[in-house]
Amino acid sequence: MMYLQSPSARPARPARSARAGSAARGWSMNPRIRDWHGKRVWVIGASTGIGAETARLLLEKGARVALSARREAALHRVMHGHPQALALPLDVTVPGQVLQARDRLLAEWQGVDLVLLVAGAYNEMRADDIDLAVVDQLLDLNLRSVFRCLDAVLPTLLAQGEGGIGVVSSVAGYTGLPKALAYGPTKAALINLSESLYFDLHPRGISVYLINPGFVATPATEQNDFAMPGLISARCAAHEIVSGMEKGRFHIHFPKRFTNWLRFARLLPYRLYFPLIHKVTGL
Ligand SMILES: NC(=O)c1ccc[n+]([C@@H]2O[C@H](COP(=O)([O-])OP(=O)(O)OC[C@H]3O[C@@H](n4cnc5c(N)ncnc54)[C@H](OP(=O)(O)O)[C@@H]3O)[C@@H](O)[C@H]2O)c1
């Protein structure tokens, strides 16, 4: 258990690392990435949607990319024409498969520069329709699997003393929203987790990226029967993610016209927040 200490009881603060100092001077929270050539990137959740387009874009920019997801044939379609790509099929909910893929990746590359945790799923749920099996699936895929991947890759990143980790959460994690009874809490947890990771990893030379997309047209949103404000393509989302990392951002969110509106709404008192969201969504 952690106890809060009075200021006088706190140990002396360690000197800020040169890396932290330079990041602060440049107003970027992570070191900027100027060149992707030869960078070793592992994208987990790369067979379709945001992960597939991000993997494609990084391959086009010259990175070496390892692609993971359950559907191997889909991974090969994304890799087509890029001999520097590596397919590492896995089910991220199976701990042994994540570790096996990690071992294959390290045997091939002897290290890794960036791990992007994209795999996830959305299920609509409301209070009159709670399905515990679905809740468990979402918790396992969207949240526990992120811990599984962190457990698999952090020892390597920490031993290297450099590299980065990106977690794809969602604007649905900012605040409670209708229909997101199970999905929203998994994504809120990822926002909190990424913030905690930054405290631990940034001083050790590891970049952390919290990625919060708004609505993106992918197989996951095809099922939505409601208007999706600010909907963008998966290719556009990939450009936002890659450019956010290049600029050294911690919080990469897009499209800004939608995400900034939600970020403002979450600052409102609840007596204003609830009627506003009800009015906008009709839910
Ligand atoms: N689309 C949006 O509007 C939106 C908005 C905010 C956040 N997000 C988040 O963005 C991420 C990507 O979503 P998307 O919209 O691009 O959906 P998507 O096209 O359905 O992609 C989901 C990816 O996760 C992989 N995946 C699912 N279960 C897996 C498992 N058990 N093991 C390994 N990989 C698994 C899928 O591959 P396989 O099926 O081949 O395993 C696929 O590559 C998700 O975390 C989602 O919550 C999406």
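Atoms within a ligand are numbered from 1 in the order they appear, just like the ligands themselves.
- Under the 6.0 Å cut-off for aromatic ring centres, Phe250 and Tyr209 do not qualify, their centroids lying 6.0 Å or more apart.
- For the residue pair Arg263 and His253, a side-chain donor N or O sits within less than 3.5 Å of a side-chain acceptor on the partner.
- Ring geometry for Tyr273 against Tyr270 counts as perpendicular: the plane angle is over 60°, on a 0 to 90° scale with 30° as the lower cut.
- Between the CG atom of Leu106 and the CH2 atom of Trp42 there is a distance of 8.0 Å, given to the nearest 0.5 Å.
- Enumerated by chain and number, the residues approaching ligand 1 to less than 4.0 Å through a heavy atom are Gly45, Ala46, Ser47, Thr48, Gly49, Ile50, Ala69, Arg70, Arg71, Leu90, Asp91, Val92, Thr93, Val118, Ala119, Gly120, Leu141, Val168, Ser169, Ser170, Tyr183, Lys187, Pro213, Gly214, Phe215, Val216, Thr218, Pro219, Ala220, Thr221.
- Taking 4.0 Å as the cut-off between side-chain N and carboxylate O, Lys179 and Asp225 count as a salt-bridged pair.
- In this structure, the side chains of Arg126 and Leu283 come closer than 4.5 Å at one or more pairs of heavy atoms.
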